[in-house]
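Report on the structure given below.
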Amino acid sequence: MTLAPSHRHGQAVWSDTQLLYALEEVVETELNRHLKVAKEWMPHEYVPWSDGRNFDGIMGGEAWAPDQSKVSAVGRIALVVNLLTEDNLPSYHHEIATLFGRDGAWGTWVHRWTAEEGRHGIVMRDYLLTSRAVDPVELERFRMAHMSEGFESDNQHSMLHTVAYVAFQELATRISHRNTGHHSGDPVCDRMLARIATDENLHMIFYRNLLGKAFELAPDQTMCAVRDVVVNFRMPGHGMPGFERAAAQIAIGGIYNLRIHHDDVLQPVLRFLKVLEIGGLGPEGLKAQEELGLYMGGLDDQAAKFDERRQALLARRRARAERA
């Protein structure tokens, strides 16, 4: 097997295997950087255990009721979506381990990332149940339904597309967790999600830097991958029960919507990597770059229209509340 890329129209064309080998040294560098800056933390320290008490059922405790929750209505919706997303970690691990491999720096990163993401699910579930933030029966039924469906990434066909996707998705997850904490109405929840968001930001930096190196090695292919991922982006929880309705409520609540997606997720990564300024591209790369620029402009327009509709809806709700 040759590790040298083939060429088309003067541009190097890399296979997934060639790129995996070519990026191995970068993965090792980024892994070492990550391990130096990532801080150890304990999930149990973020859970208000003294608030816990038995639920109804075999323990003969108290049944859950909405008024027991300290979390806002939109906060409860977002917390369930966020936790169910974390619950599908076995499927995510399978996908990236299949694409990135289990050996060398790639494998070490895959396992480290999985361990850190697992911690997020642990602390979120412990917090939700101990603080009675959400209905435990509904939460478990949602978990069973969601995990029973499994997860298949839109980008499982390509290692490069997967790297591009997670560079944006990790930042999207960070923003979602952070805004959920801000809108939760519970300082304990806010502190917990801020801790999780810190991890997600480090994950984003790892993949963003890796994506930057991929642009140096294979600019046309990477540009095409970024274009595809941005234009077709979906959060990993899109397959869970009731996701569309929950996403609409989360959007109106200001936790995650088109404006946030454009301004706080897509734009920061694209600006940092100077994606729309990269020169020396071949025909395919130039086409992808142009299409990406057009898409971002259109998305900004859509976000502006969404902002107008959201403000009008919130104004109507305030008026109704005042009349009541």
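For reference, positions follow the sequence shown, starting with 1.
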*For R33 and N209, what are the C-alpha separation, side-chain angles and deciding distance, and is it a side chain to side chain contact (heavy atoms under 4.5 Å, CB included)?*
CA-CA 11 Å; R33 180 198 54 76; N209 292 351; 4.2 Å; yes
Just wondering, are more than 12 heavy atoms of other shown residues or ligands nearer than 6.0 Å to [atom1] in [X]?
X: E149; atom1: CD; answer: no
X: D103; atom1: CG; answer: no
X: H111; atom1: NE2; answer: yes

Hydrophobic cluster (4.5 angstrom, side-chain heavy atoms) - remaining members for [X]:
X: M42; value: none
X: L313; value: I252, L314
X: I122; value: none

For [Y], is there any backbone N or O sitting under 3.5 Å from a side-chain donor or acceptor partner on [X]?
X: W49; Y: H44; value: yes
X: W41; Y: R195; value: no
X: S176; Y: T173; value: no

*Please determine if R227 forms a cation-pi arrangement with Y295, meaning its NZ or CZ atom is less than 6.0 Å from the six-membered ring centre and no more than 45° off the ring axis.*
no
*Any donor-acceptor N or O pair under 3.5 Å, side chains H177, E86*: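 The criterion, which ignores hydrogens and geometry beyond distance, is satisfied for E86 and H177.
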*State, without any angle test, whether E244 and H238 hold a side-chain donor-acceptor pair at a distance under 3.5 Å.*
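No pair is found: no donor N or O on one side chain lies under 3.5 Å from an acceptor on the other.
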*Going hydrophobic residue to hydrophobic residue with side-chain gaps under 4.5 angstrom, can you get from F55 over to V80?*
no
Side chains of [X] and [Y] in contact at under 4.5 Å (non-hydrogen atoms):
X: M159; Y: L20; result: yes
X: F168; Y: R208; result: no
X: Y165; Y: L160; result: no
X: R143; Y: R125; result: yes

*Of the options R119, R112, H120, which is the one that meets E116 in a side chain to side chain donor-acceptor pair (under 3.5 Å)?*
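Running side chain to side chain donor-acceptor pair (under 3.5 Å) over R119, R112, H120 with E116 returns exactly one hit, R112.
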Salt bridge [X]-[Y], side-chain N to carboxylate O under 4.0 Å:
X: D51; Y: K70; value: yes
X: E308; Y: K305; value: no
X: K287; Y: E291; value: yes
X: R178; Y: D190; value: yes

When rounded to the nearest 0.5 angstrom, what is the spacing between [atom1] in [X] and [atom2] in [Y]?
X: I260; Y: I255; atom1: CD1; atom2: CD1; result: 8.5 Å
X: W109; Y: I96; atom1: CH2; atom2: CD1; result: 8.5 Å
X: D199; Y: K39; atom1: CG; atom2: NZ; result: 11.5 Å

*Passes salt bridge (Lys or Arg N to Asp or Glu O under 4.0 Å), R259 versus D264? Steps please.*
CA-CA 8 Å; R259 173 54 61 203; D264 300 337; over 6 Å; no
*asked:* What verdict does the side chain to side chain contact (heavy atoms under 4.5 Å, CB included) test give for F233 and L299, after you've listed the backbone C-alpha separation in whole Å, the side-chain angles of each residue and the deciding distance to 0.1 Å?
replied: CA-CA 12 Å; F233 186 89; L299 185 64; over 6 Å; no
*Trace of the side chain to side chain contact (heavy atoms under 4.5 Å, CB included) decision for F215 with V275*: CA-CA 9 Å; F215 266 115; V275 173; 3.8 Å; yes
*Please assess C189 against L79 for the test side chain to side chain contact (heavy atoms under 4.5 Å, CB included), listing each intermediate value before the final yes or no.*
CA-CA 10 Å; C189 179; L79 280 163; 4.0 Å; yes
